[in-house]
Amino acid sequence: MCSIAGICGKEDGYEKLTEALEKTHSRGPDGMRTVNTGNGWLGFNRLSIMGLDETGMQPFIYSGRKSVGISGLPEGVDGTILPADSDTVVVCNGEIYGFRKIKDELEAKGYSFGSGSDCELLGYMYREYGTDMFERLDAEYAMILYDAKSGEYIAARDPIGIRPLYYGRTEKGSWVFASEPKNLTGLTDKIMPFPPGHYFKDGKFICYRDMSKVDSYSDDGIERVTERIHDLLIAGVKKRLDSDAPVGFLLSGGLDSSLVCGIAASLSDKPLETWAIGMDIDAIDLKYAREVAEYIHSNHHEVIISKKDVQDAAEEVIELLGTYDITTIRASIGMYLVCKAIHESSDVRVILTGEISDEIFGYKYTDFAPDADAFQKEAEKRIREIHMYDVLRADRCISVNSLEARVPFGDLDFVEYCMRIDPELKLNRYGKGKYLLRKAFEKDRLIPESILWREKAAFSDAVGHSLKDDLTELADAHYTDEEYMEAVKKYDHARPFTKESLFYREIFEKYYPQQSEMVKDFWMPNKSWEGCNVNDPSARVLSNYGESGK
């Protein structure tokens, strides 16, 4: 997955930067390197995915139309010293889709490359296009760039926020950026998420692409809509199969992950490697995942976990996530443990997942949307905030196990089109949620029909209803009613409202004291809608849960 960090100002930073990067060693276990720019520090932990040899190591250093390369440069006591003729330095955690075409275009303009890494072209794109480069990228990325000619630092993040980036300021006023909050603890008093679809320049955050903003709806009818959903999702999966390292798949047996696996299987000339996880007493998803795996002929692996596994993992998961959100933590327990098993038992380095479908097409609770306008506003809110919730979960659970997450439903072309679909077509007037997505793949038979039309079940519930119950039991045992009532008074922002939420918040504060504003609030159904004023985020408490738990 890689991690990046930067201290953007003239202050003693070598030890601070290396200490910060060590905190996310698992994101990039293949090597660490830092650069003294003369006006600050940039550092990188590498997980080799594209361009696997040493030439792909970052930071990338550029001089004119040549990429100097990091290997072989003089190593000083303060890290690698930037050569005098260098004009640009880049660190990036990302995947640049379609990079070979861009590389050919840049080579035709006289730029030379020293590696097979997709991220090497970023420095040249900056020289050609300046900050307009960000609008041109089809990518999942977070990057920091130093312009040695102007002495400026520029940072940027992809429009969905699939790759993480956080920022703050040191006591001396230097801006600091890093992949995770834990990198910045000790460097700044206030840590905040870098806004997706923005770049930072001259002390300001500038929006270059807002995926939640819809100026007008498409006039496509349902037949054309389902055709476009079909073709764009297939394209999104196809581009994410491009990797120099082995690729694997999370397969829950739900609609979204099953479609990703079904599409990938149809595009692959060898069996996929798929993984599913479930509780030892009441797993819901395992049987459905097994059904899909048999249908697509994948090499399927099952991970079985117990109550002890769930409760033992709780604090570790909260620390690695950097959140107190109930939904995110519950769903992360299973995801973390299955990714841990993948890391320990295989050579897979890239994982495709099914996140971001719900935000576009609807959850169980959006069945209660009072009208199309309300549905659309909720979708826009979820897309704006998803980087703090499900996307955060996927990134941390996967990266802490030295794997890279790729999210086909987060493909920019796919999201942009689907957000422009007339929300009247998205409302559940078909007797089945996410009807458009299901209908789009009805003819292909890429997955079993029973899975295509299976009722939605939230991941944490489908790993086993007992998972949520085990976590609630752990929290309930931690406080008396009186202790709970007194403890919640300490919090003004995102005040805990159950013993479980208090339990999570207190662990969060242990590792990230007074940083609760990194997360906007609790992920909950829209309580202003009739039928959604509930006190638990699980779909199990909704009246339309129905067949979801079977």
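No experiment lies behind these values; they were computed from the predicted model shown.
- Side-chain contact check for Ser357 and Lys434: at least one donor-acceptor pair (N or O, by modelled atom type) lies under 3.5 Å.
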Which is it for Tyr479 and Glu506 under the side-chain hydrogen bond (donor to acceptor under 3.5 Å, both in side chains) test, yes or no, and what are the steps along the way?
-> CA-CA 12 Å; Tyr479 309 98; Glu506 293 197 325; 2.8 Å; yes
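- Among Arg384, Gln376, Lys377, the one residue that satisfies the side-chain hydrogen bond (donor to acceptor under 3.5 Å, both in side chains) test with Glu380 is Gln376.
- The minimum heavy-atom distance linking Asn526 with Cys532 is given by the pair O-CB, 3.1 Å.
- Within the 4.5 Å cutoff, side-chain heavy atoms of Ser179 are placed close to those of Ile4.
- Glu316 and Tyr336 form a side-chain donor-acceptor contact under 3.5 Å, judged by distance and modelled atom types alone.
- Of the charged side-chain nitrogens involved, at least one lies within less than 4.0 Å of a carboxylate oxygen, so that Glu517 and Lys190 count as a salt-bridged pair.
- Classification of Glu227 and Arg224 as a salt-bridged pair holds, one side-chain N sitting under 4.0 Å from a carboxylate O.
- Note that Lys201 lies outside the cation-pi zone of Phe134, set by a 6.0 Å cut-off to the ring centre and a 45° limit from the axis.
- Remark: side-chain polar atoms of Arg382 are not paired, donor with acceptor, to backbone N or O of Asp358 under 3.5 angstrom.
- Considering all non-hydrogen atoms of both residues, Ile191 and Pro181 come closest at CD1-O, 3.6 Å.
- No side-chain donor-acceptor contact under 3.5 Å links Asp325 and Thr323.
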Evaluate the criterion side chain to side chain contact (heavy atoms under 4.5 Å, CB included) for residue pair Arg454 and Leu255; output intermediate values, then yes/no.
-> CA-CA 7 Å; Arg454 181 191 164 197; Leu255 174 66; over 6 Å; no
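- Between Lys340 and Asp309 there is no salt bridge, since no side-chain N of the basic residue sits under 4.0 Å from a carboxylate O of the acidic one.
- Residue Asp469 places its CG atom among more than 12 non-hydrogen atoms of other residues, nucleotides or ligands, all under 6.0 Å distant.
- With Tyr324 as the aromatic partner, Arg505 meets the cation-pi criteria of under 6.0 angstrom to the ring centre and within 45 degrees of the ring axis.
- Side-chain contact check for Glu500 and Tyr504: at least one donor-acceptor pair (N or O, by modelled atom type) lies under 3.5 Å.
- Between Leu412 and Tyr97, every side-chain heavy-atom pair lies at or beyond the 4.5 Å cut-off.
- Using a 4.5 Å cut-off on side-chain heavy atoms (C-beta onward), Leu259 and Leu437 make contact.
- A salt bridge links Glu455 with Lys364: at least one charged nitrogen is closer than 4.0 Å to a carboxylate oxygen.
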Residues Met279, Ile284; criterion side chain to side chain contact (heavy atoms under 4.5 Å, CB included); working and verdict = CA-CA 8 Å; Met279 295 295 294; Ile284 298 170; over 6 Å; no
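- Both the sub-6.0 Å distance and the 45° axial angle are satisfied by Arg228 relative to the ring of Tyr417.
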Take Asp481 and Lys499 through the test salt bridge (Lys or Arg N to Asp or Glu O under 4.0 Å) and record every step on the way to the result.
-> CA-CA 9 Å; Asp481 291 345; Lys499 290 181 181 179; 2.8 Å; yes
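- Within a 6.0 Å radius of NZ in Lys204, other residues, nucleotides and ligands contribute 12 heavy atoms or fewer.
- Arg240 has its side chain within reach of Asp411: a pair of non-hydrogen atoms, C-beta onward, lies under 4.5 Å apart.
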Worked check of salt bridge (Lys or Arg N to Asp or Glu O under 4.0 Å) between Glu509 and Lys490 = CA-CA 11 Å; Glu509 292 291 338; Lys490 294 186 295 185; over 6 Å; no
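- Taking every heavy atom of both residues into account, Cys418 and Phe361 meet most closely at SG-CZ, 3.7 Å.
- Donor-acceptor pairing under 3.5 Å is recorded for the side chains of Tyr365 and Glu378.
- Checked for salt-bridge contact, Lys381 and Glu359 miss the test: no charged N lies under 4.0 Å from a carboxylate O.
- Aromatic ring pairs are classed by plane angle as parallel below 30°, tilted from 30° to 60° and perpendicular above 60°; the pair Tyr167 and Phe205 is tilted.
- A salt bridge does not link Arg420 with Asp215: every distance from a Lys NZ or Arg NE/NH1/NH2 to an Asp or Glu carboxylate oxygen is 4.0 Å or more.
- Looking at Leu392 and Leu321, their side chains come closer than 4.5 Å, going by heavy atoms from C-beta outward.
- Across all non-hydrogen atoms, the minimal contact from Ala487 to Leu502 is CB-CD2, 3.6 Å.
- Using modelled atom types and a 3.5 Å distance limit, the side chains of Arg27 and Ser399 yield a donor-acceptor pair.
- Salt-bridge check for Glu355 with Arg393: passed, with a basic side-chain N closer than 4.0 Å to an acidic carboxylate O.
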